[in-house]
Amino acid sequence: MKNKLYAAAAIVDSIAAAVRSAKPARRVTKTALMPALAVASPPRDPGMAVGLAGSWAGDVALLGDSDRAFRTGLFSFLVAHVGYTAALARRSTPGARKAVVPIVAASAAGAYAFARAAGPMGKPVGLYALTLGTMVAAASTVRGAGARRVFGGAALFAASDALLGASRFVLKGRAARVATAGVMPTYAAAQWLIHTGFEKGERPPA
């Protein structure tokens with residue numbers, strides 16, 4: 001039931017995000033998204049709690065359109081990814097760490113590309129992209145129950161942020177609107193996969 005409530009909140013906010021006239025409603029729908037996830041999958045690990053809180057702060061900040069709001073959202077999500085990375089590193093398997101090399105390389109290339117496209121905001125965008133890539137790399141080293149779900153969520157998070165970055169700094173017109181419409185569905189799914197996957201791995205064996 002709790003997962004269904006989060007799913008409903010995610011669907012409503014994703015629709016509202018795609019409809020320009022629904023922007024005022026997002027002050028309710030988007031603000032409620034991470035609290036709904038906290039109810040559906042309460043974070044027991046401190047790093048996951050930081051990730052959830054940072055994500056909520058980022059969601060609220062990005063309701064604004066200004067550069068200041070964007071920077072605030074960027075910093076909030078950077079803190080969130082530091083929290084997620086710390087939690088995922090605790091579940092890391094040493095033998096799986098070789099897989100991080102291509103992920104780190106791809107993250108560095110993506111960070112460089114978006115930093116160049118972001119102009120004056122290039123440095124914070126590049127730093128954020130590297131932090132996100134580190135979280136994805138950490139997710140790739142998780143093994144055990146829920147591991148695939150965690151990595152799938154991390155990869156979706158990267159995809160969501162790539163859509164956001166492309167819509168803000170690269171694309172124009174209809175292409176930007178299409179990219180923007182994809183941000184919230186992928187983001188909401190990413191958060192659910194990361195949290196429920198991590199929670200599954202934390203459950204004591206039956």
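For reference, positions follow the sequence shown, starting with 1. Everything numeric here is computed off the predicted structure, so don't read it as measured data.
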CD on Gln191 to CG on Leu156, rounded to 0.5 Å
11.0 Å

Quick one: do Val170 and Met121 end up in the same hydrophobic cluster if we chain Ile, Leu, Val, Met, Phe, Trp and Tyr together by side-chain heavy atoms under 4.5 Å apart?
yes

Using the ring-ring contact (aromatic ring centres under 6.0 Å, His included) criterion, which residues pair with His81? Sequence neighbours excluded.
Tyr128, Phe157

Short N-O contact, Arg168 and Asp161, less than 4.0 angstrom
no

Co-membership, hydrophobic cluster, residues Val79 and Leu33, 4.5 Å side-chain:
no

Heavy atoms, side chains only, cut-off 4.5 Å: are Thr29 and Ile15 in contact?
no

Is there a side chain to side chain contact (heavy atoms under 4.5 Å, CB included) between Val39 and Tyr6? Walk through the geometry before answering.
CA-CA 8 Å; Val39 172; Tyr6 175 71; over 6 Å; no

Is Lys23 salt-bridged to Asp65, cutoff N-O under 4.0 Å?
yes

Heavy atoms, side chains only, cut-off 4.5 Å: are Ser107 and Leu132 in contact?
no

Are there over 12 heavy-atom neighbours, none belonging to Arg90, within less than 6.0 Å of that residue's CZ?
yes

Is the side chain of Thr93 donor-acceptor paired with the backbone N or O of Val142 at a distance under 3.5 Å, no angle test?
no

Among the clusters formed by ILVMFWY side chains lying less than 4.5 Å apart, do Val50 and Phe198 turn up in the same one?
no

Which distance, rounded to the nearest 0.5 Å, do you find between the OG1 of Thr141 and the CZ of Arg91?
10.0 Å

Between the CG atom in Leu171 and the CG atom in Leu163, the distance rounded to the nearest 0.5 Å is 9.0 Å

I need the Ile103 CD1 to Met135 CE distance, nearest 0.5 Å.
11.0 Å

Can you tell me how far the NE2 atom of His195 sits from the CG atom of Leu37, to the nearest 0.5 Å?
5.0 Å

Is atom CZ of Arg116 surrounded by more than 12 heavy atoms (other residues, nucleotides or ligands) closer than 6.0 Å?
no

Would you say that Ser55 contacts Tyr84 through its side chain, given a criterion of any heavy-atom pair below 4.5 Å between the two side chains?
yes

Taking all non-hydrogen atoms of both residues, which atom of Val136 and which atom of Ala154 are closest, and how far apart?
CG2-O, 3.5 Å

Do Lys30 and Met184 pass the side chain to side chain contact (heavy atoms under 4.5 Å, CB included) test, and can you show the C-alpha distance, the side-chain angles, and the key distance before you say yes or no?
CA-CA 9 Å; Lys30 193 177 185 185; Met184 287 310 298; 4.2 Å; yes

Is the count of non-hydrogen atoms from other residues, nucleotides or ligands lying under 6.0 Å from Phe169 atom CZ greater than 12?
yes

Does CH2 belonging to Trp192 count more than 12 external heavy atoms closer than 6.0 Å?
yes

Closest contact, heavy atoms only, Ser160 versus Thr186
CB-OG1, 3.1 Å

Got Phe77 and Thr131 here, is their nearest side-chain heavy-atom distance under 4.5 Å?
no

Side-chain donor or acceptor of Ser41 paired with backbone N/O of Ala38 under 3.5 Å
no

Give a yes or no on whether Leu127 and Leu62 share a hydrophobic cluster (residues Ile, Leu, Val, Met, Phe, Trp, Tyr; joining criterion: side-chain heavy atoms under 4.5 Å apart).
yes

Answer yes or no: is there a side-chain heavy-atom contact under 4.5 Å between Leu193 and Phe151?
no

Is there a chain of hydrophobic side chains (I, L, V, M, F, W, Y, each step under 4.5 Å between heavy atoms) that links Met34 to Leu164?
yes

With sequence neighbours left out, the residues meeting side-chain contact (heavy atoms from CB on, under 4.5 Å) with Ala61 are Thr72

Would you sort out whether Met48 and Ile194 count as a side chain to side chain contact (heavy atoms under 4.5 Å, CB included), showing the intermediate values?
CA-CA 9 Å; Met48 298 300 286; Ile194 290 171; 3.7 Å; yes

To the nearest 0.5 Å, how far apart are CG in Leu130 and CZ in Phe114?
12.5 Å

